[in-house]
Structures are given as C-alpha cells and as structure tokens.
2 protein chains.
Amino acid sequence: MKQVTIYDIAKEAKVSAATVSRVLNNTAPVKESTRSKIMQIIHKYQFQPNALARSLLKKETGTIGVIMPDITNPFFPEVFSGIDRAASEMGYTFFLCDTLGDTRKESQYLHMLREKQVDGILFLGGRINLSKCDPELAEEVVETASRIPTVLINGNLPGTSLHRVILNEAKGAEMATQFLIDAGHRSIAFIAGNEEMTTTAQKVRAFRRVMKKNGLEAAKDSVLYGDYSMASGESSMEKILARRERPTAVFCVNDLTAVGALKAAMKAGVSVPDEVSVIGFDDIPLASAIYPELTTVSQRMDLLGGTGVQVLHKMILKEKVKMLTVIEPELVVRNSTRNLR
Amino acid sequence: MKQVTIYDIAKEAKVSAATVSRVLNNTAPVKESTRSKIMQIIHKYQFQPNALARSLLKKETGTIGVIMPDITNPFFPEVFSGIDRAASEMGYTFFLCDTLGDTRKESQYLHMLREKQVDGILFLGGRINLSKCDPELAEEVVETASRIPTVLINGNLPGTSLHRVILNEAKGAEMATQFLIDAGHRSIAFIAGNEEMTTTAQKVRAFRRVMKKNGLEAAKDSVLYGDYSMASGESSMEKILARRERPTAVFCVNDLTAVGALKAAMKAGVSVPDEVSVIGFDDIPLASAIYPELTTVSQRMDLLGGTGVQVLHKMILKEKVKMLTVIEPELVVRNSTRNLR
DNA sequence: TTGAAAGCGCTAACAG
DNA sequence: CTGTTAGCGCTTTCAA
C-alpha cells in the first residue's frame, strides 16, 4: 500500500500542499470550508503526516534517548516511570537503550541516538558511576553532550562539567548509619556493591565516617562487596551469619541486596529484626511489599527521573539551568530494624 | 553549532556527496585513496549521517515501538529484556511506550508510532487483554496493523486476525491447579486479577475446570478478584485467612500477587508452606529471591519477548509467519507449596 | 570509479 | 486566505 502524502490530500482537495500543512499544524488561518473539506479527506484516508520529513526540516524530533544499564533492575523502571510521567506531557517519546552494563553498547547507543537526532539524552548508570572512568569513554560523552543536550542522572564524569541530577547518596548513607547507631547498634556490617562504582564507594566512605564519628570501629571485614543483586545480598548475608561474632545490624547498598539478605536470614532461622536489623537503600516498591517491611533510604526515583527531564527540557529550550541539581534522600523507617535501647 | 552534512564532507574532500554516501554505506566501490581521504575528514568532524534523511528516503527506520501498560511491573521489563536481546542484534532500537493502563494513551501511542514511521509494533497488555474490547479500539489496532507490521504479545482481539505470540495461560493454570490437587489439597482459593481481563478469566476458567474434573468443589468465594499488585495479593490473603474455613492452598494469578499473599501470611503468623501453600504465576526474578522461594508457573518472559521480535522481524521482511505462536508454560516447583500426602 | 540530478514528505518564507 | 518555491540531508539512478 502506497503511503498517502500531503500531496495526495492536496490534490484531492484541489488545494496546495501548503494549505494542507496549514490545517494540519494550525499554523495560519484557513477558510472554514477548505479546512473542513481537507479534514474530511484526511479522515477518509486516515492520513497521518510523516514525522521524519517534518523533523528533518524542523530539526527537532520530540524524542529523548534514555540510556540505562538494566531495565530488569526495579530501580530503573521506577526512574523511567518518573521520566515518562514528566515528559509525556511535554510530548516527548523515548528511545530506551538498555546497555546490560556493557560499555561498548553505551558507545553504540550514544552514536545511534545522535544519528537519530534525539532532542536530548538522559544517561544513567554504567560509565558515569565508575570511580575511575577511562578518559576516552568520558570524552565520548562530553563530545555527544556538546552537540545534544545531555544530563547525567545519579552519576558523574570527573574532570568534565556536564549537567547532572543526583541524589545525595553520601547523605543517605550517613542517615542510615546514624539511624542504626542511634538505635543502639554498635556492630554494623555493610553489604556493598561493586567496589569500583561510586554508588558503592560513596556509601562506604560515609558509612566509615559516621562509624568513626560515633567512636565505633568499622572493622575491615565489616564491608562486603557484591553486585547489587538479590543473589549477592543473600550470599553476603550467609557469610555474615556464619561468623562467630555477628553484627546486630546490616546496612545494604540497595533494596535488592537487602531483600536477598532478608532471605538468607530467614532461611537460617535468624529473625529480622529481632536478632539482626536490616536496612536498605532506594525504596523500590518491593521494599514495602515483603515481610518484614524494609526500613530503607528513599532515592525518590520518580523525582530523580522527573527532575532529570525538567533539566533536560530547559536545556533543549536553551533556557538557563543549574549544572547540578541535588535531591535529598529520605529515611523510611519500617519493620526490618529494631531499637536496641 | 551548525550540523555538518555529507556535503560539507564532500566539499572538503573535493568529491561529490554521492561518493561520500558510497563510502559511508559501502554501497559501491570507491578508489582507496579517495575513500581514505573521506574517512579522514569524517573522523575530523566526527561526522555522523542524519538518520532521518536516510529513513525518509529508504522508508525504514530500524525502530520498533513497544506498547505496554506498566514498566513498573517486573513482568514487563523481563519481556522487554527478551525483546531487546533478540532485536538489538538485528539492529533495531525501541520506542518504549508506557500507557499506564490508559486506553487513550494506547491510541495516542499507536498514532505517534505511525507518524514516526516505526518498522513494527509490539503490543502488550491493555485492550488486547480485555474480555470485551470496544470494537472501535480493536479497529484502531487492526487499522494500524494493516499499515505497520504488528504483533500482539500475550493478548488477542476477538473478531480480528492479527499476528500473535502467546503463552498458553489456560494450560499453565491447569498445571498449577492439578499440581496442588496432586499434592493432596482439596480446598484451594484463587487470588485473581481484574475480572474483565483475559489473563484472569482464562485462568479462572481453567482453575474451575480442573477442580471439577477432580471432583472438587470450587465454591463461589474461592475466587477473589484484585488488580495484580502486591497490595491486592496482601489484602486478598488477609480476607482468606480471616475465614473460619481456610483453604490449604492459594493459587495466585501472578507472582506479584503471590508475594503480597506471602506477606499477609507471615504477618498473620501463618506459616507458608506448612499451614498454607502458595503458588504463583510468571516466574519473575523476585519469585526465587524471597523466602520461602515461590513455586510458580513460568511464563518464560524472555522467550515470549524474543519470539515476538522474531515474528515481527519476519513480517517486516515480508516473509511468511504463522499467525499464532504459542509458548508452553513450565511448572517451577520451589518451597512455597507443601505435599499433604 | 565518480558526478549530476532527482526526489523522499514536509514546512516556511514570500508573494499575491 | 492560498499558491509557489525552495530546501531539510541523504541515496539512487543514469551517464560519463
């Protein structure tokens, strides 16, 4: 079936293509009788203008590229949902680019998004969470950002200056640690993620700092590294429970890990929170859906995503925006932690 | 910064745009010396061709639209992941269209995807899961599908004939029910989803059929309706536990609901599986990450998504494909169910 | 092996 | 209020 174009409509209505375009876009007054005739024909053919042609001309596509490492990790759908909610009103649609944590795919997507002329890019995870990011990879992002408005969500590329929207993770980790200490815990373990990632490094530093500040010792083996997954939380918790000296509380780098830790505890017949307190990070929906409900630090993922879009939108409009927007975490106390006093 | 075009490259290389296009696409032999000169200039400007212009001409965008009701429900990211894995090798990228279960948004996205000239559409959830779908809504999909290859995943539009890839849900529900009965359960409740949706209706029918076949009674109140969420599973389970005559097993329409049910049981101090068995449906990652690990029916979501893409891809290539592809469910026995014999 | 020219479908001046 | 004209950036004959 041949695609019907604005010319076909114009011919049948005995007007010029320009006039059809005018009624399509309401971009200039058109006599009511012509308008309705045109409308009728448009309807008859179920005509829809070709967005490619329009975008080619207008140099805007109404499309945003979202790069993320793993849509299967509940954190990202939540952020995406916030992005979507904020941006669909503005008329944007999204290329969802799942990199599976593969740096090469990140590069590919960066290129692809440029070719497809997206209006903006939202970058989450991957290289922007590496403590030591290869300068070439960083340069790639900078290069892209110099042509397409780009905002990094919850990440950074040291040595560059890109627009960012981040959650104050250090603060969140401080809050969690202090909360545990205030509840009387003196021996606390931290189930972390990947050591090379800032999402872990920042929290570990904050954790150690707060412990020290409270005159507590964070033994070397108090921090266990993993990969942010439920499986990793489970195995780390097993190790912890196997020790002769168990901590009374465990702080997890994210909720997924915490859920895994909870499972390990239950499996071992160790009661949470009676025998060990567990606190997570993120506040994904799952956190409040399990038993015991998880005490956690909210990343306010929808706000994170929504704010990212707002910043990006302003950049697209060439309005002024702060380079850095930081969102404050919130402690959400539920039932997986116990007050020892 | 003005966008650099193929002409700028051509001019600087002192060749025609056609030649540049040839080296870009390897579409005709080019003298090695010219080729390398052009390449060098392309590199210098970090030139990337404008995909809009190319797509306008070639009438293909390498883009697939994926319409789904809720990216926040773990089922969908899993399917998407399967789609992505299968399709990114083929060079497709995705518009992710989250409808939030809003029929109007579905319509909007259908239109938008057409305007953006996607090569194909994958439709999940929403109107294609309604037992009684408004003919106009169905017609909209048919109309779209007549112009753009479209496949429905896990759904149907009665009275139309569209390409579909579905999981045999009735079979899955039969397997789950029979499994419970074989384990000696005689009183079984079913926590369902929305009564108007086929994902619920099919399972309810299968559940009743198998009960009857085994000479068991499925009392009217044995089926509780809800909305597929963890919260709905929790509240339904609370109702069930409040009865003087408790069933010994509960079959849940999906894993999310089952997780909610588990929570309610734990909260009430009712042991799963000792006092009540719980079986889910889907096998999302969460199912095996909680304690007790959930017995469930696998929807093989990655296969579902991957197969959907394969079918779609063939349609795009105008190859022959079966209208209907059905995937068989698998029972995954874990620890949330108990054998009574 | 290369260039000229036409055109994908649309919009934006500029006239009238 | 409406038509004409000229592209947007690219690919593809057709000739040379």
Side-chain angles (χ1 to χ4, degrees), chain A residues 1-39 41-42 45-63 111-112 114-119 147-148, chain B residues 1-39 41-42 45-63 111-112 114-119 147-148:
Chain A
M1 177 180 340
K2 211 195 126 278
Q3 150 119 349
V4 357
T5 76
I6 207 173
Y7 277 99
D8 302 318
I9 305 295
K11 181 145 46 135
E12 183 149 342
K14 299 201 219 310
V15 297
S16 75
T19 305
V20 178
S21 171
R22 285 178 189 118
V23 347
L24 242 22
N25 302 290
N26 243 287
T27 187
V30 173
K31 207 205 308 175
E32 190 44 42
S33 64
T34 9
R35 149 172 269 109
S36 67
K37 176 156 39 128
I38 291 174
M39 286 299 263
I41 298 173
I42 285 177
Y45 289 103
Q46 295 264 12
F47 168 75
Q48 290 197 231
N50 183 327
L52 297 176
R54 177 196 280 125
S55 295
L56 182 56
L57 198 58
K58 311 244 298 193
K59 288 158 178 354
E60 65 175 54
T61 54
T63 300
H111 285 135
M112 186 266 332
R114 246 182 79 188
E115 292 194 353
K116 295 236 203 276
Q117 315 291 121
V118 295
D119 291 343
R147 306 173 186 250
I148 301 176
Chain B
M1 176 182 335
K2 210 194 128 281
Q3 150 120 348
V4 356
T5 76
I6 207 173
Y7 277 99
D8 303 318
I9 305 295
K11 181 144 49 140
E12 184 150 340
K14 299 201 219 310
V15 296
S16 74
T19 305
V20 178
S21 170
R22 285 177 189 120
V23 348
L24 241 24
N25 302 289
N26 243 288
T27 187
V30 173
K31 210 205 306 175
E32 191 44 44
S33 65
T34 11
R35 150 171 269 109
S36 67
K37 176 155 38 121
I38 291 173
M39 286 299 264
I41 298 173
I42 285 177
Y45 289 102
Q46 296 262 13
F47 169 74
Q48 290 196 232
N50 182 328
L52 296 176
R54 175 192 283 130
S55 295
L56 182 57
L57 201 54
K58 310 243 299 192
K59 289 159 179 351
E60 66 174 52
T61 54
T63 300
H111 285 136
M112 187 253 8
R114 245 181 81 186
E115 291 194 353
K116 296 235 203 276
Q117 315 291 121
V118 296
D119 292 343
R147 306 173 186 249
I148 301 176

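In what follows, every chain begins at residue 1, and chains take the letters A, B, ... in the order their sequences are listed. Just so it is clear, the model here is predicted, and its values are computed rather than measured.
- Among the nucleotides D/dC10, C/dT2, C/dC10, the one closest to any side-chain atom of B/Arg54 is D/dC10.
- Annotation: of the two residues near DNA chain C, A/Leu24 and B/Arg35, the 5′-most nearest-nucleotide partner is B/Arg35.
- A close approach under 4.0 Å does occur between a side-chain nitrogen or oxygen of A/Ser21 and OP1 or OP2 of C/dT11.
- Side-chain atoms of B/Val4 and B/Ile9, non-hydrogen and from C-beta on, do get closer than 4.5 Å to each other.
- The nucleotide whose nearest atom lies closest to any side-chain atom of A/Ala18 is, among D/dT11, C/dG9, D/dT4, D/dT4.
- The distance from atom CD of A/Glu115 to atom C1' of D/dG9 is 13 Å, rounded to the nearest whole Å.
- Neither OP1 nor OP2 of C/dG9 sits under 4.0 Å from any side-chain N or O of A/Thr5.
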Check the pair A/Leu24, A/Ile42 against side chain to side chain contact (heavy atoms under 4.5 Å, CB included), reporting the backbone distance first and the verdict last. CA-CA 9 Å; A/Leu24 242 22; A/Ile42 285 177; 3.5 Å; yes
Which is it for A/Thr61 and A/Lys116 under the side chain to side chain contact (heavy atoms under 4.5 Å, CB included) test, yes or no, and what are the steps along the way? CA-CA 9 Å; A/Thr61 54; A/Lys116 295 236 203 276; over 6 Å; no
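- With D/dT2, C/dT11, C/dT2 as the candidates, the nucleotide lying closest to the side chain of A/Lys31 is D/dT2.
- Here the side chains of A/Val15 and A/Val20 are in contact, with some heavy-atom distance below 4.5 Å.
- What separates OH of A/Tyr7 from C1' of D/dT5 is a distance of 9 Å, to the nearest Å.
- When the nucleotides D/dT4, C/dA4, D/dC8 are ranked by their closest atom to the side chain of A/Lys59, D/dC8 comes out on top.
- Going from atom CD1 of A/Ile9 over to atom C1' of C/dT11 covers 16 Å, rounded to whole Å.
- Residue B/Ser55 is classed as having no contact, given no heavy-atom separation below 4.0 Å to the nucleic acid.
- For A/Asn25, the listed nucleotide lying nearest its side chain is C/dT11; candidates were C/dC8, C/dT11, C/dT2.
- Spacing between atom CD of B/Gln48 and atom C1' of D/dG9 amounts to 14 Å, rounded to whole angstrom units.
- With D/dT12, C/dC14, C/dT11 as the candidates, the nucleotide lying closest to the side chain of A/Arg22 is C/dC14.
- In the set C/dA12, D/dT2, C/dC10, C/dA12 carries the atom at the smallest distance from any side-chain atom of A/Lys58.
- For the pair B/Gln3 CD and D/dG7 P, the interatomic distance rounds to 18 Å; values are reported in whole Å.
- For B/Ile6, taking side-chain heavy atoms from C-beta onward, the closest of the listed nucleotides D/dT2, D/dC10, D/dG3 is D/dC10.
- One interatomic measurement links the two molecules: CG of A/Asn50 to C1' of C/dG7, which rounds to 14 Å at whole-angstrom precision.
- B/Gln3 approaches B/Asp8 most closely through the heavy-atom pair O-OD2, 3.9 Å.
- Computed from coordinates, the A/Glu60 CD to C/dC10 C1' distance equals 14 Å when rounded to whole Å.
- At whole-Å resolution of the value, CG in B/Leu56 and C1' in C/dT11 are 13 Å apart.
- Looking at A/Gln117 and A/Ser55, their side chains never come closer than 4.5 Å, going by heavy atoms from C-beta outward.
- Of the listed nucleotides (C/dT11, D/dT11, C/dG3), C/dT11 has the atom at the smallest distance from the side chain of A/Leu57.
- Here B/Thr19 does not reach the OP1 or OP2 of C/dT1: none of its side-chain N or O atoms lies under 4.0 Å away.
- Along DNA chain C, the nucleotide nearest A/Ala53 and the nucleotide nearest A/Thr27 are compared for position; the residue whose nucleotide lies closer to the 5' end is A/Ala53.
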